[in-house]
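No hydrogens, no waters, no symmetry mates; every other heavy atom, side chains included, goes into these values. What you are looking at is a predicted structure, and each value in this text was computed from that prediction instead of being measured.
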Amino acid sequence: MTDAETGVTATRSIELSARTYRHLDRVSKLLGVGLVALGLDMGGDTLLGVAVGLLGAALALTTVFLQIEK
């Protein structure tokens with residue numbers, strides 16, 4: 001949302017401690033890889049298999065958008 005007077009766009013960020021980030025990163029990567037493998041097992045050429053694989057890839061990348069607390 002942009003403020004009409006200043007033209008500044010409001011942003012939100014999630015900040016985590018380094019330990020919490022590390023655990024969340026590992027869990028999201030493992031679940032993401034598992035979903036990609038499941039999608040391939042279901043049939044990488046089927047709509048459901050591709051959808052599950054894309055969901056896994058998205059899950060594996062979720063921590064890219066998080067910030068570590070300083």
Side-chain angles (χ1 to χ4, degrees):
M1 185 163 101
T2 304
D3 186 342
E5 294 178 14
T6 63
V8 175
T9 302
T11 60
R12 293 184 186 181
S13 65
I14 298 172
E15 294 186 11
L16 302 170
S17 68
R19 182 178 183 215
T20 302
Y21 177 85
R22 187 173 55 249
H23 290 306
L24 182 63
D25 186 52
R26 288 179 183 166
V27 168
S28 70
K29 298 284 187 282
L30 288 172
L31 288 175
V33 168
L35 284 174
V36 169
L38 180 63
L40 289 172
D41 190 49
M42 295 171 77
D45 58 347
T46 65
L47 183 59
L48 184 59
V50 170
V52 171
L54 288 174
L55 178 65
L59 180 63
L61 294 174
T62 55
T63 55
V64 171
F65 303 104
L66 302 177
Q67 296 179 359
I68 299 174
E69 195 175 86
K70 294 179 182 177

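- Exactly one of Lys29, Arg26, Arg22 qualifies for a side-chain hydrogen bond (donor to acceptor under 3.5 Å, both in side chains) with Thr63. That residue is Lys29.
- For the atom pair CZ of Arg19 and CG of Leu24, the computed distance is 13.5 Å after rounding to the nearest 0.5 Å.
- Closest non-hydrogen pair, Ser28 versus Asp25, comes out as OG-O, 3.1 Å.
- The list of salt bridge (charged side-chain N to carboxylate O under 4.0 Å, His left out) pairs with a residue in residues 34-57, not counting sequence neighbours, is empty.
- Through direct or relayed side-chain contacts under 4.5 Å between Ile, Leu, Val, Met, Phe, Trp and Tyr, Leu55 connects to Val27, Leu31, Leu35, Leu38, Met42, Leu48, Val52, Leu59.
- Residues satisfying the side chain to side chain contact (heavy atoms under 4.5 Å, CB included) test with Leu54, not counting sequence neighbours, are Val50.
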